[in-house]
Student: 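Below are the structure tokens for one structure; questions will follow.
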Amino acid sequence: MAPFEPVLTRGLGRLDLTDLSVYEAQGGFGALRKALRDMTPEAVVNEVSASNLRGRGGAGFPTGRKWSFLPNDGRPRYLVCNCDEAEPGTFKDHMLLEQTPFQIIEGLVISAYAIRAERAFMYIRGEFLEGYRIFRRALETARERGYVGPRIAGSDFSLDIVVHRGAGAYICGEETAMLESIEGKRGEPRLKPPFPANAGLYGMPTVVNNVETLCCVPHIVERGAQWFSSIGPPKCPGPKIISVSGHVRKPGNYEVPMGIPAGQLIEEYAGGLEPGRRLKAIQPGGGSSAAIFEEDLDTGLDFDSLAAKGTMLGSGGFVVMDDRTCLVRAALTLVRFFEHESCGQCTPCREGGQWVARMVGRLEAGEGSNADLAILRTLNRTLTGTNLCPLGDSIMPFLSSVLRRFPEEFETHVTQAGCPLAAEQAVAAGAGA
Amino acid sequence: MSPERRRKAEELAARYPRRQSALIPFLQYCQEQDGFVTRQAIRDGAEMCGLTEAEVESIASFYTLLFRQSVGKHLIQVCRTLSCMLRGAGELQEHIRRRLGVRNGETTPDGLFTYEEVECLAACDRAPCLQHNLMFHYNVTPDEFDRLLETWRASRPAVSLPAE
Amino acid sequence: MTNGRRMVRLTIDGTSLEVPEGTLLVEAAKSIGVHIPVYCYHPKMDPAGLCRICLVEIEKMPKLQIACNTQVAEGMVVHTASSRVAEGRRGVLEFLLLNHPLDCPICDKGGECDLQDFTLTYGPGASRLTEPKLHKPKAVDLGPTIVLDEERCILCRRCTRFDNEITHERRLIVVERGHRSLIGTADGKPYTSYFSGNTTEICPVGALTSKAYRFRSRPWDLSHADSVCTQCSVGCNYRIDSRFGRIMRTYTRENPAVDDGWICDRGRYTFNYLYEPSRLRQPLIAVDGELKAATFDEAIALTAEKLGRAAQARRVGIIGGGRLSDEEAFALQLLARDVLGSDNIDYRASAQKYASPPRYEARLADIDDASLILIFGAVTPEQAPIADLRIRRAVARRHARLLFVGPFVPPAFVPSRHVPYAPGEIAPLMRALADVVHHGREEQGEGFVAEIAQALAQAEKIIAIHNGRDPQAVEALDALLDRLAQYDHPVGVLVVGAAGNARGAEAAGCVPNLGPGYAPLGRTGMTTARMLDAAARGEIDALFIAGANPALTFPDGALVRRALERVEFLAVSEQVMTETAAYADVVFAAASFAEKSGHVTNLEGRQQPFHQAVEPPVQVATDAQILAALAHALGKPWVISAEPAVLFSQLEKMQRPARTRSSRDPLPRPCVDDPVPVPDPASWPDGLTVIPIPHLYAGGGAAAHDPGLAPMRPQPFAVFHPQDAQQRGVADGTRVRLRGPGGEIEVQARTGDHVPPGSVLVLADMPEAPVNKLTNASGYGVACVDAATVTASQELSA
């Protein structure tokens, strides 16, 4: 196999791809011209279906299939680009937004053409104000150059892209919550059915795609489904940006072929651990994913391999924790996150999330009890899988996985009334600073 | 509604197929003007979208970047989630709290600085990170924070919650 | 096939069943007696899927599913009692109980609380929570009727959804998010919906409690009586709950055809006046101009003597019936016709002339699928609130058009079109409409005629709603509907009654020219107006008024006051001291609806039974007993029975022909007086046209005396167009005196764009400021602002 060449991040850090001429010089908007000139919308959908592209936002649903669900009933259709990146440990869309906005625009236009959307919406996380400004500037330029707006690139296809800035709510990354938010409502996930394909934005057929997913589309159009599906495992192929953070020497976004083993990502891309440190746990797919451990380093980073390990690729937020890490504290930051971000609509997430956060907070503070641990060991049964949306189901996986793998660390927090690693951590923090 | 606001409301509403979609951008605009989402802004938003005040209040209270109370000229939001915590966010937070003499969510008595611990800001590779008036600062050590603080103190009071 | 829907076969807990496709699992289970617990789900509202208590196991689905938003599917196999389901429910209950205060011993809901009940059946035995419970605001004063306990609240959102989906008022909200979520209103403003009490019923826990019932009783100590509300003419079914013979609360008793399971706050909370000192507890007789306590026999003897003597001279009159039961209204006309030998009987104590349409009778449920709702005269949100909920639903959810024709813009919570027409111009408008529709020239009408005519011609089903006040308009409407019926689209009419049992009284024969069951008599007695006119001129010697308060409600206030002042003998039957009773020589203390049984007929003609809930005070008699005693004293004891059942069997026979007549045969019409023109504002210096406006909490009887309604009851007010107010130097909120040819009243001034220039809207039926001092028999009046009061109030406010 030929060495992997970055696709989505090609030139990043080297070239100023926020400059349209630079983007064009790299072949940018070639795919858009090709799609609009040489392909029917159905052909684009077929190509994307054939590529086996799976959604990069977290759920890994086949993009081509999602597109083909839209009913053909003459109602206006909408395409929404999900750039509400807020999954803990994930920062790829943030980078794509700020550094290669034209690639997103190109992906948006081609995808909108494919599903015959009459309008597209770019939902940008409220905190990404700088990215929002960059994107709006890029959109203006693209509009001036005829890549967006009426009769794009001389074709009959017209598309308006509305840029919508969020206002602070992780849950708006959930697709139906996002639609509510664009409609100017509380960002609360909708009850399904109906699904967005049938009744989405303003009740119309709607597709919501992640930024990275849309960025893949021009490349599939340009180089073909076969090329795309030859990268990585055939069932979930393609390039994938993994956001690596935590205890590695070179944290950052790394574009890798889907399916690369976790160990290889750490060693070959992220510079490995700091000298003398030992791996303790990895959260491979954002704050919602269960941890994997030392023994799992040969696990391929793709949707199916990680699912087989009881966790998920999710958004590709890959957080490495070495032996300095207090897993109780790590779990606390995450359960507190979900407590804070719960919309509060449904009972398990709202009440259970707050309960778990209080228990883990107590354990971390050295005030926990064995009863707390006993409860935490059972809660994944009633708190997971009982909620209206995935947020509530995300509270327990990491906590449960580390509690199962390192029970003694939690128990010691009870017996020693505090963190056994505290002393060492203080030293480490001193050294790190 | 003031004529200027009405103009802005119409401009924002024109971007969307339905008016209510412009509500949050409109509240962001009002917030930029007034420093927070005032009662008048709630009323104006309701008028703009044909909603009741109650509905607008419910919507506004959902979003953490819509503030119902006045915030300082400098809004400092420090990430507290896993990746930043692994790389010293805890120490940074303690430092800032001591340095400003405030707790999470509080504003300094001179009304200059509001300090808030927030969830993952999606800049985990440059942890710990913070936002100052929604502008990112990366790899912020306590020393780096002190340096930033001096520049903020020296700078003219800015817009703490820019809308666009 | 049911209603053309395909049937789906599925299995629930081993039982195979067939239900129409689209049925929700929770309803399918209910149909075979399988109970699935719910909190957020409510059959009248859209599924919300929030509480998660209704989790069930469906074969071939990996996760538990919620029964409230899962539609049945062919071959579906559902388990509602498996161990997985039990575990899921237990989990949800554990979460709900975590921070719940468990203050059941002092919670009003205790004993009828779904959180208690489901915990008993499905919940964990003990709490595993070891930390202190989180606290939220308690005893929040949500408004005049409701207290909210945020700690008890399980955030099922039934209340906010009710306020959004059912009332469309959108004032009750969830604020904040996550576990910090609270139920609230904008800026903590009071929650003042006319329907607020329903939230206390649909609240599955004790979070929303009614101020009227708080800490008053345990539900298991309550006795229940099925009754019908008579506060307006909709006739909502409700239950009266009492303890030790005292009414504690009223509760909905769903009748889908009438109330759809809701009651308004006027109906719900009007009962505590019965326990106020102002409640009449014994008969009174005027001695030297002062009413003094008397025995029932004394009151009967005196009244019988006076009525008997006046009857012999053919100088007697009887007014009332609209606030009596059907049986009693029937008995009242028996007193007039069969005891006193007079046709001078009329229930019409207000400006209302008709309580029923002659043809095209609609049912309330006809509103549901109407495509056009045309309202004139009636102000349904104030006068028929529960019917207005149907209108709101038809407009908001089924895209009916709502056209309101009249002089001012009424309150509306759903989109409506207001067609401004001055008082007295509605009949010509209806005639013009009938004309263009008849000739198929809908687009050619002048002004609004074209717009309305086209809407009418396009509508698939038309419901017209009016207040029966303008006979010419009603006649023109009838002609218009005749034309429209030719389009083969259903048309129907509802007449909102001025009194709760107006239609029952009309149908029982309380009109001068018709006997019970609309039987034409071929002769006619005097209408209310003619009786009052005769009394004022000394041509009637004795008046008997039962369950009516014309001194406040009759439009020509000057006439009614002159008449009641002048008439030699006046007997009044009432529950509380009213403006009319104050003129009386004899006052009978009458039982309330809660204290008797019988039937009432609502605005759609539905005759509904109601049952006695509590005993009246010892010296209080039902109107049937009073009328029977009078007949007895007048020497005709066999004519009027005191027993509702006897009266009803007589009445029913007489009403049967009208009920079973062909729908093409018009009902005979009650006779009406010659029309009186609307006063010309130019006839009075600086005059404004006075337009009385109704209000849910106005009225001179129970409403004026009920402490439960007091916080909601408005002060008398008048609304001016801002321009008129400015010209007269009237500022918002000041007190002004309105002076007209017939008298003057003092009101609080308000301004509003919805007022037509040159007019002033004045709150009607307020004893503190009776608008009928300003109006004539047309129902409208003329008045100016007394300049002296304006300066005075400005000084006050300065």
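Values below: all heavy atoms of this structure, side chains included; hydrogens, waters and symmetry mates excluded. Residue numbers begin at 1 in each chain, while the letters A, B, ... track the order of the sequences.
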Student: From C/Glu169 CD over to B/Thr52 OG1, what is the distance, rounded to the nearest 0.5 angstrom?
Tutor: 10.5 Å
Student: Do any N or O atoms from the side chain of B/Glu57 and from the backbone of C/Asp187 form a donor-acceptor pair under 3.5 angstrom?
Tutor: yes
Student: Of all heavy-atom pairs between B/Ala54 and C/Arg171, which one has the smallest distance, and what is that distance?
Tutor: CB-O, 3.5 Å
Student: Side chain of B/Ser58, backbone of C/Val175: donor and acceptor closer than 3.5 Å?
Tutor: no
Student: Taking salt bridge (Lys or Arg N to Asp or Glu O under 4.0 Å) as the cut-off, I'd like each qualifying pair that reaches into residues 69-82 of chain B, sequence neighbours left out, listed once.
Tutor: B/Arg80-B/Glu119
Student: When you look at CD of B/Gln40, are more than 12 heavy atoms from neighbouring residues, nucleotides or ligands closer to it than 6.0 Å?
Tutor: yes
Student: Minimum heavy-atom separation for C/Glu176 to B/Ser61, with atom names?
Tutor: N-OG, 2.7 Å
Student: Under a 4.5 Å heavy-atom cut-off, does chain C meet the side chain of B/Leu51, its backbone, both or neither?
Tutor: both
Student: Surrounding CD of C/Gln726 (heavy atoms of other residues, nucleotides or ligands, distance under 6.0 Å), is the total greater than 12?
Tutor: no
Student: Can you tell me if B/Gln69 has over 12 outside heavy atoms packed within less than 6.0 Å of its CD?
Tutor: no
Student: Within this structure, what is the CD1-CD distance for the pair C/Ile173 and B/Glu53, rounded to the nearest 0.5 Å?
Tutor: 10.0 Å
